[in-house]
Every structure is written in C-alpha cells, then in structure tokens.
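Only heavy atoms go into these numbers, but all of them, side chains included; no hydrogens, no water, no symmetry mates. Numbering starts at 1 and runs along the sequence shown.
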Amino acid sequence: MAEINIEPKKRSSWAWIIVLLILLVVGYLLYKYFFEAQGGSPETSGAPTSGMIMPMAPVFLSY
C-alpha cells in the first residue's frame, strides 16, 4: 500500500506584504501630519490677510 503524505498548506506571503505596505503608508502619513512643519500660505491656513492685529496683553505688561 502506498504512503500518503498530507502536509499542511503553506500560508501565502502576499497577505504579509500587503499588511506591511499598508503600515508603511499609514506611518508615512502620520509622519507627514505630526512631524513636518505646519506652515502654509494664508490662503490655505486661514490666517487673516488684512486688518489690524491686536496684542493679547497690553503693551506696558510685555516689557
């Protein structure tokens, strides 16, 4: 009688590659959001472009 070898099916490595790619993209987006300078033009940052800017404290208290 012949011997039958039943081996467990190997898991595909594509799932790990996809998970690593997703983690790389998420890590890159978090880096861009948290660790890069948050500068920008007034059009994109919503800063006022005209008008008088008043100090928060009176001038005599700032010396």
- Got a second to check how far I22's CD1 is from I17's CD1, nearest 0.5 Å? 12.5 Å
- Message: Could you see if V26 belongs to whatever hydrophobic cluster contains Y31? Use Ile, Leu, Val, Met, Phe, Trp, Tyr and a side-chain cutoff under 4.5 Å.
- Response: yes
- Query: Side-chain contact, heavy-atom cut-off 4.5 Å: Y33 with L30?
  - Reply: no
- Query: Are any of the side-chain heavy atoms of L21 and V25 separated by less than 4.5 Å?
  - Reply: no
